[in-house]
Amino acid sequence: MKKVLFATTALIATAGMAAADVTISGYGRFGLDYNDANATETNLTSRLRLQFDMSTETDGGVTLGARLRAQADNTDGGTARGASWNGARFFATYGGFTLGVGNIFGGLDNAPGLYLETRSTGTGVDGMGFNSLVTNVNGGAAGLLDEYDNYDQYSSKGAGQNGVEVLYSAGDFSGQLSYSKENSSDAKRTAGHVAYTWNDWTAVLGGQDSNQAWEDKVFFAVMADLGQYGVRFAYADNDGIDKYGLYGNMDIGAASNVVLWVTYEDAVSAADVTAGRFDNSLDGGTKGTSYGINYSYDLGGGASFEAGAAETANDQTQVQAGVAFSF
Amino acid sequence: MKKVLFATTALIATAGMAAADVTISGYGRFGLDYNDANATETNLTSRLRLQFDMSTETDGGVTLGARLRAQADNTDGGTARGASWNGARFFATYGGFTLGVGNIFGGLDNAPGLYLETRSTGTGVDGMGFNSLVTNVNGGAAGLLDEYDNYDQYSSKGAGQNGVEVLYSAGDFSGQLSYSKENSSDAKRTAGHVAYTWNDWTAVLGGQDSNQAWEDKVFFAVMADLGQYGVRFAYADNDGIDKYGLYGNMDIGAASNVVLWVTYEDAVSAADVTAGRFDNSLDGGTKGTSYGINYSYDLGGGASFEAGAAETANDQTQVQAGVAFSF
Amino acid sequence: MKKVLFATTALIATAGMAAADVTISGYGRFGLDYNDANATETNLTSRLRLQFDMSTETDGGVTLGARLRAQADNTDGGTARGASWNGARFFATYGGFTLGVGNIFGGLDNAPGLYLETRSTGTGVDGMGFNSLVTNVNGGAAGLLDEYDNYDQYSSKGAGQNGVEVLYSAGDFSGQLSYSKENSSDAKRTAGHVAYTWNDWTAVLGGQDSNQAWEDKVFFAVMADLGQYGVRFAYADNDGIDKYGLYGNMDIGAASNVVLWVTYEDAVSAADVTAGRFDNSLDGGTKGTSYGINYSYDLGGGASFEAGAAETANDQTQVQAGVAFSF
């Protein structure tokens, strides 16, 4: 009585039926996390993501579709959690234009050159708090300026922002502009980016304008894909807090890849602290230099071994190793 | 690693396997909502529905199956919500008989001639509160006699009623009888309908008997499908509140359809207000005449453009436009 | 626009794609439950289970995968509930070894010879509280020593334990060892079993060691599969409470099967009550002899008619009848 979905992109169109389709995909990952900031330093970390993509094409050539995700995470020190379903993102695509509605990607968060060149898009198995991002300052996911709070991004297990966005790409150019508004808080955010590629190099400029405190951001990155090697520089002004990042990645042999990163985050200005604009007690201790390394080994079949280590500016050490697979 | 489900009804039966199957379907829709009763008058409105239908057939020719739905709605003024999963409806079908158990359709709500002849089954993109239904009185979805509270119906994102129902159809006749009982409140509802079609005409008689206040209902409708044109008249006695509706729809050209509707709802009787049976302060202001229009344009591929406008008796104006697609 | 998943195990491998796959399966069941301990004695009982299994195989022959489930239950006296999603279980299999991570099966709960030889793995349509299990004492699912609380097991609609386990099988031998730790409560459980089969007989030894009160368990079972007949004896020491069970099942004709069971549960020792180790007021009245019968008739197509009756030691009578189908 089992149903096995076919691992193929074929689409059988029968008479009288529209070419609408549903795609199921996702990934699983699990491993061990050592974090000397946790009471119990070594824990299991895991995630299962299950994603449904639906789309159809109108007679006029517009693709209409939506995405819905479930995610089951166990990342917080041994506490297990059941799967949560997120809010839907809808889209309409015509040529190089895409309109997105609902749980939007966000014009800044979706910029190329922001996330790490790894499977977790951060360090190790679960990303380790994504301290490698230059837009993630003042304590990151655990602190006051949470990357998940202070600029719009696609939520994989929450409702997201209910915004609207336009994406455009033509040849070597791509860009995005997003807008969201919360009726309850009257928060309004406009975010966007442009990216241009010439030869092996890509330059990115992005940012966000918000009517809320701490949320204005400017982001710049330049990166090169030199075949076996890759290098990237990124900078962000996070409403007055500068953060710089330098990133390198290298293929080793047929199956291995190593990513190295170092970031420097400026202190919150004394004037801002005095004015109560930032609360030093919540700064997360990420001021200064953080660095990390990620090692990936391709196991075949869409699976890989992932290991990583990171040291944050406040001497927190985190090490992870595990496996990841896509389906 | 993507799985693309096949857009076909073919079923490959291999030796030693039962012919059980799972079907994934659903729809997406998104657009803009203008409502002069909201503090922020213009908002995004959207819904993604994902539906799983499972069934198998016994050696004796009985089809056993179930339906489960997820729904992600963003309809209430800019607040985003993640997907919710509903309660399951189970069924057993043999010939013209179907037994339903669990999250039942409900004998009154499932009557033909009740909902509007539109994609949203109401007006515009999201139905606009379904004021066009004659069983929806005294404030409708927002008021005291909530259509979703005072008679049994299938819940697309809640648990539903855990009831039982029998559906029967033979030739031009169809009927349904449902029963539900809540152990916590001791609420008991019996609902049903019969429908008969002759030539282009269909007549429907339905109702509900309940041991709870305000829940006794009688529903009558007669409608004609005249090819390019359709017309319908409906009436309901909602435990003392009469409501009448007149509905017309017309195909225009190859791809357009227009639906017009007008309803008249009687005031709550003074005796009922005096007796405390109805609370005028919660009556939703729908007493009197409401009307609306819906325009649909077929985009192909199972998608359409939908626009609508409605004016309720208390001078609330709502206008919507957007797209909808099925998968 | 419907997608019908193919009832086949075929897998089309196209160039450049990994052989990762997703399988959707599950079951539905519904029927009537009579329980003279309920205020309303007769109620509907139903469950829909929807299961996603994902897996891929590495070049080295290791299978990596995960399982996620949704379950919608209506078993508690007429109150309907929507579907809940559980925590993910991840696994890596190589040869006879399997490593499990996350929402683990649990080394004791997954032992052969523990659950009843029926479709519900208990009595009737929904298992009737699983009083037939010798590891379920002192009131079972409703009481102090809840089977679902006092030893690790896979949770079908909750997050589960976030543990780790190893399963091994080679020829006639199989075994399992599991470990879980909750950071919040510091609860630590180690559980396991070994099973050996010779000719028609299988012997099983299992248990759990915990740092929490009432959770140490020893389990033993011996059973024979004699073709048309099956017989099983089971015993458990539940941290001082002995429980014995005797079970028989018989095929009748081509499509029927009957299962009979009787269990005897020792009283909690007076010393334990005096010491406050057990609370007699919560003992669930299952001390003494309980017994039950289950009848199953194969309807074809993966469906069956299921009926059962059980009498617990405290004179609670429960009778159920309904249908079940797999997909």
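Residue numbers begin at 1 in each chain, while the letters A, B, ... track the order of the sequences. Hydrogens, waters and symmetry mates play no part in the numbers below; they use all other heavy atoms, side chains included. These numbers were taken from a predicted model, which means no experiment stands behind them.
For the atom pair CE (B/M54) and OH (C/Y27), the distance works out to 12.5 Å, reported to the nearest 0.5 Å. With rounding to the nearest 0.5 Å, the separation of CG in B/L68 from CG in C/L48 is 5.5 Å. We find the CG-CD distance between C/N74 and B/Q161 to be 11.0 Å, quoted to the nearest 0.5 Å. Atom CD1 of C/I24 and atom CG of B/D21 lie 11.5 Å apart (nearest 0.5 Å).
C/G301 approaches B/T56 most closely through the heavy-atom pair O-OG1, 2.5 Å. B/A88 and C/A72 make their closest contact through N-CB, 4.1 Å (heavy atoms, listed as atom of the first residue, atom of the second, distance).
Scanning for salt bridge (Lys or Arg N to Asp or Glu O under 4.0 Å) contacts around C/R89 gives C/E165, with sequence neighbours left out. C/N257 pairs by the side chain to side chain donor-acceptor pair (under 3.5 Å) definition with C/D251, not counting sequence neighbours.
Put simply, of C/D298, C/V323, C/L50, the one with the most heavy-atom pairs under 4.5 Å next to chain B is C/L50. Chosen from B/G65, B/G163, B/S180, the residue pairing most often with chain C at heavy-atom distances under 4.5 Å is B/G65. Between chain C and the options B/N103, B/V101, B/V62, B/L64, heavy-atom pairs under 4.5 Å are most frequent for B/L64.
By the 6.0 Å contact criterion, OH on C/Y297 is open, its count of non-hydrogen atoms from other residues, nucleotides or ligands being 12 or less.
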(message) Assess the residue pair C/T40 and B/K181 against the criterion (side-chain contact (heavy atoms from CB on, under 4.5 Å)); give the C-alpha distance rounded to whole Å, side-chain angles, the decisive distance to 0.1 Å, and a yes or no.
(response) CA-CA 10 Å; C/T40 302; B/K181 177 177 177 303; 3.6 Å; yes
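Only the side chain of B/F52 comes within less than 4.5 Å of a heavy atom of chain C; its backbone N, CA, C and O stay farther away.
Ring geometry for C/F30 versus B/F90: interplanar angle of 30 to 60°, hence tilted.
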